[in-house]
Structures are given as C-alpha cells and as structure tokens.
2 protein chains.
Amino acid sequence: MEQQHKRSYCVDAAWTGRADCSHCTIRHLMLFSDLPDSAFDHHLSPIDNFIFPAGSALFTEGQDDGAVFSIRRGLVKLLSLTPDGDQRIVRLLGAGATIGLEILEADTSYRHTAVTLNQVNACRIPASTMNSLRAEYPRLCQHTLKMLQNHLDRADQWIVTLGTGPARKRVARLLLLMLQNSTEPAGGIELLGRGDMAAIIGASVETASRIVADMKRRHLLEKVSGSLYRCDAAGLQAITDEE
Amino acid sequence: MEQQHKRSYCVDAAWTGRADCSHCTIRHLMLFSDLPDSAFDHHLSPIDNFIFPAGSALFTEGQDDGAVFSIRRGLVKLLSLTPDGDQRIVRLLGAGATIGLEILEADTSYRHTAVTLNQVNACRIPASTMNSLRAEYPRLCQHTLKMLQNHLDRADQWIVTLGTGPARKRVARLLLLMLQNSTEPAGGIELLGRGDMAAIIGASVETASRIVADMKRRHLLEKVSGSLYRCDAAGLQAITDEE
DNA sequence: CGGTAAATTGACTGCTCTCAATTTACGTGG
DNA sequence: CCACGTAAATTGAGAGCAGTCAATTTACCG
C-alpha cells in the first residue's frame, strides 16, 4: 500500500449551459426518468451542465457543495482515505449514475472525493432543487431509494469480487467488470492507470503493474490505441476460476 | 481463503407475539421513530416479534420472504458468496438496524444471507405494511433513505478499514470497531469466532487465529468469561498506527 | 527533441496460505 | 459430576505470493 501524495485536483470545468432535462437524450436512465416534463419548468436553483476534463474533482470529501451530480458520459472514481492515509477507490461510476446523494440528508458533507477518469459530462443538481421536487413528486423519493440501493449493491459486490482472493484474480475480475460496463465494441476497454487499479484491488502499484504486464505477454490484453485494449474475456474468466 | 461448506442454518425462531410498536422501548432508534402512535392501529399484515437463537438465518440470499427485519437486540452478520464459492461477511448489524430493505423494490430478492451471531430479538415487518405506511407517511421514505445511506456508509467503511493493509491491522481495526458498538462495560466485547473474523477481513482461519492468539499473549485481549474479553483499546490503536 | 510522469522489472524480505497435527472448549449422556 | 465425542482454536513447517526499495525503460506532452 503506497503512500499517495495528496494532490489537489484541478477544477477547471467548462460550463456547457443550463440543462434541458425535458430533452435529455438519456433521460430514461437518469435521475429524473419518472418525472413529467412540466416538472422542469420553474426552479429556484438552476440545473447546470458541465464538461470536466480527466483528473478533475467533482467534489471533495468533507466539503458540502449542496449539490448532487448526475453523470451523462464518462467515468468517475470515488475515493476514500484509509486509516494509514492512503487512498482507496470504493466505486467506479458511469453514465446514468447519480453521486453525492448523501448530502440530501440535512447537515452532512460528501463522504468521498469524486474524481473524473476521463472527460466527463455531468449535470449539477442543487440539493434545494431535489428537495422541492421531492415534495411535489413522491415518486422521486422512490427513485432515489432505488439509486441508493444500486450504490449499496455495487459496494457489496466490490467487497466480494475485488477485495477477495489473490491479486491476479482481483485484476481479472476488475477487467471483466469493466468489460461489462464498457461502451467500446468487441471486448475493448479503456485500461485504468496502474495506480488506480492498485487502489481498487488493495495492492501495490508494482503488483498491479506486474500482473497487467504479464497479461499483455500472454495476449489476454492486446493494445489497440492509447489506453484502449482489447481483452480476452474467456482467458480472464479462466483466471478467476483457477483451482 | 478456505472453502466453507454451505451449512443449512436452523430456523427455529420463537414467536414472541404481535409487536406493539407504540410501546417499543427503543423506538427512538428504530425504523418507525418518526411515525405517530396512531399509525400502528390497523394494518392488513401484522408485525411480529421473534427471538432467534444464535446461528439461525433471518433470511437467505435469493429468497423473497417479502419482509424486512428490524433488530431490537443481538448481532447479525450479512453473508455474500464470493466467485470462488466461499462466504464473505459484508456487514455486522446490531440494535436499531433494519435489514432486507432491498425487497421493498418490486420484484427483487434478498441480496445476502442474514445469520444471527448470538440470541437476536427482531421484528418482522411485511413489505406490504411498509408500502402502505409509506403512502400515508411520506417521512417514512425519508427515514428509509437515511437507513440505506447508513448501510452504504458502513459498506464503504468496511472496504477501507477492514479490506486494506496487513491482516494484523485489520483485526485490530475490527476489534476497535466492535468496541465502539459494544454494549458491554469497560472495554468488553464478545469475541467473534475465528472463522467469522477471517470472513470479515478476507484472510484464512489460521491467520486470524494466530493474530488473536498473539494478542492474548500480549495481554491486548484478556478473557473475562466465555467469549467475553476485555481489550486494550490503546494497544490496539497502536497496532493500526504502526509504521 | 528534451523532460517529466508512468510503467515495468529485479532483488530481496516478510507476510499469508496450505496442509497437517495437536490442543482446548463445550455439550451430551451416563 | 465425570467420560466422551465433536467442533473450534491453536500451532508448526514449508511454499508461494505480495510488499518495499531501487533502477530502468517506455510513453506522452509541449
């Protein structure tokens, strides 16, 4: 477990304009999928759309921006500090996920630091807007429950599949997991940095690197371009099933 | 990681009678703390109170009893299966916790197997009762959100404090965690079985046993009676802070 | 093309796992 | 209350896995 230097993440997000939820192309999987178009007509606090470059922080642990973020495109990691001062990634979230829901409870702050892994398009929804909408549309509360439950399921799966067994199996399971959620065609995924992999499976950077390098040599991973790799799902599955 | 044989847990729970929520002595921390007394006057489906002996299953992964359980006394472990077929404990829950909330979402089954670690007193609340109460009292939905968020916080903490670092530190953190939640006086805790500890920290039974035995020799743990031990919080803290 | 950060590799140490053997604890029946 | 049987806990020995420290190599950005 290496001691990661706490770097300050840049926050030079580009404001893309006021969000137009009623015409959102992916509203079916978003936070407001249940609400009628009329719900978006008048708010006190506006919903804004941003594009964050890779490596920027949407929010920081302990802070309270008073807003949740709904991810439209890209990948976000949630970081927690270990007792030793290292950072551990406790979740990876992509399009359709809503993060920072914890601040809907009064007098709380963000539980994690949320950092983008690539270019991310996300809407910032003030907590006050959520609260007023919830008063008007009880179904929103139901939907929020569903999303929290989804986070919980992911957290439990994280413990069981990425926190158990030898490092090689954990990496293989991580790659298979990313393959499932990948938007790339034909078994392609954006390979994470070794430091991020290490912070996910709870191992050192060197261990993560050795395992990935070995998988490349065995042609379980083949470089396509940049960080895009095509991977052998059957071969990876064989690793998780070993013994 | 040892291959645990799937034993069938006994389910010989004793029915203690119809629950009387309006006179519940610990209602302030229970599921229905927000509701007025009048809410409990008439339900289609009854709320029952049970006493489960140690080692019995409240519910099983994949099953759907259509009820949540509110724990009044005792300790419950939530088990998940790893890809290797072993079992991993993903949460420990005591008085005031409500488990099985996932079945409130339509057409789902329990995500874990819930097994009692000692004698447990719990109320069984049918999902239908929850749903009708929620329609009547919007605050219940709020409160359910709060409880789910609490589960999520515990899961994240689990990953970070019990899934990271060398085994000795994990055990020390586990003991400190149990000490916090302990109802025993003066640093006393009910020590878990080595198998359970191993399933929590993700190590073999032998490793857990060696660490605990060593802690006893170093007088960080002193037997009081049965599985009740008094532990040296400062000494344990020193272990988590090592290096 | 240089400069920096990331990835890889090597060497070595220490931790954890597995397999096996005891030892201890506990509930049951005599 | 004691003997017995079973399950849990402990301990030992050896192999393999993972961590650390340090050196290179590679990738990427002006």
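Proteins get letters first, then strands, A, B, ... in listed order; numbering begins at 1 in each. Heavy-atom basis, side chains included; hydrogens, waters and symmetry copies ignored. Quantities reported herein were computed from a predicted structural model and do not represent experimental measurements.
- Rotation axes derived from the C1' atoms of the five outermost pairs at either end of the helix from C:dC1-D:dG30 to C:dG30-D:dC1 lie 50° apart, to the nearest 10°.
- For the residue pair B:R111 and B:S80, the shortest heavy atom distance occurs at O-OG, 4.2 Å.
- Other residues, nucleotides and ligands contribute only 12 or fewer heavy atoms inside 6.0 Å of the CZ atom of B:R168.
- Rounded to an integer number of Å, the gap from B:I239 CD1 to C:dC15 C1' is 15 Å.
- Taking 4.0 angstrom as the limit, A:T207 places a side-chain polar atom (N or O) nearer than this to OP1 or OP2 of D:dG19.
- With distances taken from any side-chain atom of B:S204 to the nucleotides D:dA18, C:dC17, D:dT11, the minimum falls on C:dC17.
- In this structure, CG of A:D214 is placed 17 Å from P of C:dA7, rounded to the nearest angstrom.
- If you check distances only, the side chain of A:R210 does reach the base of D:dT20 with a donor-acceptor pair under 3.5 Å.
- Comparing B:R194 and A:I211 by the nucleotide of DNA chain D whose heavy atom lies nearest to each, the residue mapping closer to the 5' end is B:R194.
- Between A:D196 and A:K77, at least one side-chain nitrogen of the basic residue sits less than 4.0 Å from a carboxylate oxygen of the acidic one, meeting the salt-bridge criterion.
- Here D:dT10 is the nucleotide among D:dT10, D:dA18, C:dT16 with the atom lying nearest to any side-chain atom of B:A213.
- A donor-acceptor contact closer than 3.5 angstrom is absent between the side chains of B:E206 and B:S209.
- Counted by atom type alone, B:D153 and B:Q149 present one or more donor-acceptor pairs between their side chains at under 3.5 Å.
- Put simply, B:K216 has no side-chain N or O that comes within less than 4.0 Å of OP1 or OP2 on D:dA9.
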Side chain to side chain donor-acceptor pair (under 3.5 Å) between A:T164 and B:R88: does it pass, once the steps are laid out? CA-CA 8 Å; A:T164 302; B:R88 188 88 193 253; 2.5 Å; yes
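- Atom CG of B:D196 is separated from atom P of D:dA7 by 17 Å (rounded to the nearest Å).
- Taking only side-chain nitrogens and oxygens, B:R168 never comes nearer than 4.0 Å to OP1 or OP2 of C:dG14.
- Remark: C1' of C:dT9 and CD of A:E206 are 10 Å apart, rounded to the nearest angstrom.
- B:R170 comes within contact range of no nucleotide atom at all, as no heavy-atom separation falls under 4.0 Å.
- The interatomic distance linking A:M197 (CE) with D:dG19 (P) rounds to 15 Å, in whole Å.
- The interatomic distance linking B:E243 (CD) with C:dG14 (C1') rounds to 11 Å, in whole Å.
- Protein atom CD of B:E242 is 15 Å distant from nucleotide atom P of C:dG14, rounded to whole Å.
- When side chains are defined from C-beta on, B:H219 does not count as touching B:D232, because their heavy atoms never get closer than 4.5 Å.
- Map A:G226 and A:P166 each onto its nearest nucleotide of DNA chain D; the residue landing nearer the 5' end is A:P166.
- For A:L191 and D:dA27, the CG to P distance is 14 Å, given to the nearest whole Å.
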